[in-house]
Amino acid sequence: MKNSEVAEKLMEIAHLLEIKGENPFKIRSYEKAANSILSLPKEIKEFVKEDKLKSISGIGASISQKIKELLETGKIQYLENLKKEIPQGLLEMLNIPGMGPKKIKAVYTKFGIKDIRGLEIAARRGDLAELDGFGEKTAQNILRGIELLTRQSGRMLSVTAKKIAEDFVEFLRKEKTCKKIEVCGSLRRACETIGDIDILAVSSKPQEFMERFIKKDGIKKVIAKGETKSSVLTEDEAQVDLRVVEEKSFGAAVMYFTGSKKHNIHLREIAVKKGFTLNEYGLFKKTKKGTGSFLAGKTEEEIYKKLKMQYIPPEIREDTGEIELALQRKLPELVERKDIKGDTHIHSTYSDGNARIPEIAQKAKSLGYEWVGICDHSRSLKVARGLSIEELLKKKKEIENFNKKSDVKVLFGAEVDILPDGTLDYPDEILRQLDICIIAVHTAFNQPEDVLNKRILMAMENPYVHILAHPSCRLIGKREPLSIDYEKIIKKAKERGVILEVNVFPDRLDLKDIYIKFAIQNGVLISMGTDAHALYQMDNIDYGIKYIRRGWVKKSDIINTMTYDEVKKFLKGRNR
DNA sequence: GCCGTTTTCGGCCCGACTGTTTTCAGTCG
Ligand SMILES: Nc1nc2c(ncn2[C@H]2C[C@H](O)[C@@H](COP(=O)(O)OP(=O)(O)OP(=O)(O)O)O2)c(=O)[nH]1
Ligand SMILES: [Mg+2]
Ligand SMILES: [Mg+2]
Ligand SMILES: [Zn+2]
């Protein structure tokens with residue numbers, strides 16, 4: 001059973017307990033445990049085997065027992081009992097914006113409403129007004145919420161979110177009263193998908209500013225509008241939250257609005273232990289009465305400092321150990337955009353890319369690179385115009401000639417298919433001629449798990465392989481990651497000196513952040529490739545660098561920081 | 001339900017907006 005499935009079960013318990021009206025802290029325990037499991041790179045069954053479940057933060061006697069039961073029997077009796085008690089439809093009602101556990105419980109106990117359909121009928125009829133705390137508008141809002149639900153498109157890819165955010169920022173920045181503006185939330189942390197867009201601003205006329213925000217073109221609905229915070233829904237169904245604060249609170253507010261929620265809560269707990277309070281307005285020393293005295297708030301740096309911590313980069317604010325390390329001043333120095341000297345994975349017109357080698361090199365130069373790896377598809381991948389051996393050798397010639405007169409150097413590469421039987425799509429005498437040999441699965445994704453595992457591990461044994469590309473083969477929102485043993489692949493990469501690619505095409509982000517971190521802990525090197533099929537896609541390096549920082553990558557962990565001479569020599573040395 | 005370098009019991013982040021209700025509960029960030 002996958003970690004995500006175990007986490008799912010715990011979240012289901014949390015939701016059912018919420019509807020039951022259980023102790024909120026108990027509910028948070030289940031949520032916290034679920035979250036912890038989601039950030040584990042190792043399979044949960046390994047923890048069960050080694051009897052180490054309780055070493056996971058947020059998992060104690062009761063939850064560890066339930067996880068064991070789940071892995072042994074396939075279910076949790078406690079959850080089964082809850083499900084018997086509470087109809088499934090009530091859980092679905094939680095997805096309606098504005099409907100929370102309390103309202104759901106109320107309509108269920110009073111009217112026996114068991115699903116969204118029933119709720120809609122009751123709201124239309126005007127029955128709901130009978131309930132305490134339910135008025136005219138409540139029913140209206142429920143109906144609007146149900147309407148939104150049916151069209152709600154889920155989470156966005158980073159590219160989509162980035163465009164919307166830039167559009168809003170450009171619009172708001174034009175306002176004369178706009179003093180400061182910053183995109184926060186999951187976009188600032190460079191998460192793999194984005195739920196909504198969170199923008200923070202300082203304005204000399206906050207009320208006017210808010211007014212302008214909710215009246216922007218392309219807004220379909222104002223979800224909420226207040227003095228410091230408003231939310232809107234755009235015509236393309238994206239939610240945008242705007243928070244406006246005073247200059248002296250800007251840092252505290254950026255910190256709050258950047259999150260993550262788990263990081264915020266942990267920081268606030270630390271503040272409390274020191275006799276402080278931390279909120280979006282600042283860090284305050286608690287006094288007997290009143291709000292307390294202001295300690296810091298203008299910048300994030302000064303708040304971390306007052307908490308006796310190093311500054312924590314946004315990308316790693318997930319409460320996965322960064323706070324403890326910041327307290328000990330032991331945070332790693334993460335790789336930066338300016339360290340990047342090349343891109344390992346670009347397609348040209350030789351296969352399914354739309355740019356020629358000189359154009360790619362020129363674009364690389366504009367990005368500040370010294371080199372690019374041009375890796376086209378291999379001969380059996382006909383749909384992507386994979387290169388025959390003759391074409392590949394022609395490409396080799398062109399690159400040799402090109403490099404003689406170019407300051408940006410091209411690495412002669414290929415993205416070689418791992419065939420269904422685990423062999424590679426070119427013979428060794430061809431592979432050995434490549435400056436950069438990356439291998440990947442592009443076919444037969446639905447082989448059984450053990451076959452896939454053997455197939456990939458076998459391919460990694462080939463002495464001419466440098467990089468395993470997009471290891472999970474997932475396409476976010478379209479194709480699930482391969483169910484393979486990532487721990488084994490990471491161990492094999494270490495054993496064979498194979499580099500693991502982080503493919504930063506927006507719907508791939510593969511390796512995924514938690515596995516990047518795990519790979520690096522295990523001494524495996526990574527590479528970053530945009531997998532660009534068009535010049536503009538090489539710009540994905542910008543989000544890419546932030547994404548790999550989520551995996552705690554240092555400059556020395558990634559080959560893209562090497563100079564041309566270094567990378568060339570390094571890859572040559574790997575040919576055994 | 002979890003957790004502990006003061007604790008094995010008694011805490012558990014903190015605030016904005018909405019709608020309903022005259023002081024707050026629910027939901028969300
Ligand atoms: N202290 C605190 N901060 C919160 C809480 N919920 C949200 N925040 C902060 C941290 C979040 O990153 C930030 C923005 O909230 P969002 O719901 O938009 O979450 P985020 O952007 O992280 O993820 P998303 O991709 O939008 O789902 O607000 C909370 O319960 N407590
Ligand atoms: Mg957000
Ligand atoms: Mg938000
Ligand atoms: Zn590929």
Side-chain angles (χ1 to χ4, degrees), chain A residues 10 13-14 17-19 21-36 53-67 78 93-107 128-142 144-145 184-186 195-200 206 210 214 222-232 239-245 249 252-253 255-284 286 291-292 319 324 327-328:
Chain A
L10 296 178
I13 293 177
L17 292 177
E18 265 191 305
I19 293 171
E22 261 283 4
N23 176 357
F25 300 110
K26 184 169 165 179
I27 294 159
R28 245 190 60 192
S29 297
Y30 279 97
E31 291 171 348
K32 197 160 183 242
N35 264 319
S36 285
L53 273 178
K54 282 193 245 176
S55 71
I56 302 167
S57 89
I59 296 182
S62 170
I63 294 181
S64 72
Q65 206 48 52
K66 292 185 175 75
I67 293 172
Y78 181 64
M93 283 165 63
L94 274 175
N95 296 324
I96 302 170
M99 278 300 277
K102 299 286 159 57
K103 284 185 186 159
I104 293 171
K105 187 180 185 188
V107 299
L128 299 182
E130 281 175 44
L131 286 165
D132 286 345
F134 281 61
E136 237 177 89
K137 292 214 169 161
T138 316
Q140 273 175 33
N141 286 336
I142 288 175
R144 298 188 79 161
C184 302
S186 47
D196 71 358
I197 288 142
D198 305 289
I199 301 173
L200 178 73
M210 277 293 183
I214 60 163
V222 178
I223 297 166
K225 176 181 176 286
E227 303 220 320
T228 72
K229 181 181 146 189
S230 299
S231 293
V232 298
Q239 181 173 327
V240 183
D241 295 342
L242 175 68
R243 195 78 208 252
V244 183
V245 297
S249 295
M255 200 170 193
Y256 151 73
F257 220 23
T258 298
S260 65
K261 175 179 169 176
K262 292 173 285 173
H263 180 86
N264 286 355
I265 291 176
H266 196 162
L267 282 188
R268 288 170 183 209
E269 283 166 353
I270 286 174
V272 166
K273 285 203 191 98
K274 292 187 185 298
F276 303 153
T277 338
L278 177 61
N279 57 34
E280 61 266 53
Y281 301 106
L283 182 68
F284 301 86
K286 272 206 188 109
T291 50
D319 196 20
E324 291 77 2
L327 283 166
Q328 301 164 34

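Quick caveat, the model's predicted, so the values are computed rather than measured. So that the names make sense, note that chain A is the first sequence line, chain B the second, and so on, each numbered from 1.
- Using a 90° window around 0 for the glycosidic torsion, B:dT7 falls inside it and is classed as syn.
- When Watson-Crick and G-U wobble pairs are counted only if both distances are under 3.5 Å, B:dT8 pairs with no nucleotide at all.
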| task | Heavy atoms under 4.0 Å is the rule here; annotate nucleotides 19-29 of chain B 5' to 3' with B where the base is hit, S where only the sugar-phosphate is, and - elsewhere. | result | SS-----SSSB

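- Nearest nucleotide to the side chain of A:Ser62, out of B:dG1, B:dG15, B:dC13: B:dG1.
- Side-chain N/O atoms of A:Ser29 include none lying less than 4.0 angstrom from OP1 or OP2 on B:dC2.
- Nearer to the 5' terminus of DNA chain B, by closest-nucleotide assignment, is the contact made by A:Ser64 (compared with the other of A:Ser64 and A:Phe276).
- Inspection of the A:Ser36 and A:Lys32 side chains reveals no N or O donor paired with an N or O acceptor under 3.5 Å.
- Rounded to whole Å, the distance from CG on A:Leu10 to C1' on B:dG1 is 11 Å.
- Open room surrounds CZ on A:Arg144; 12 or fewer heavy atoms of other groups in view lie less than 6.0 Å from it.
- For the pair A:Ile19/A:Met93, no side-chain contact is recorded, criterion being any heavy-atom separation below 4.5 Å from C-beta on.
- Look at A:Asn264 and you won't find any side-chain N or O under 4.0 angstrom from OP1 or OP2 of B:dC13.
- Within the 4.0 angstrom heavy-atom criterion, base atoms lie near A:Ile265.
- Using a 4.0 Å heavy-atom criterion, one finds that A:Ala271 contacts no nucleic acid atom at all.
- In terms of phosphate contacts, A:Tyr281 brings a side-chain nitrogen or oxygen within less than 4.0 Å of OP1 or OP2 of B:dA16.
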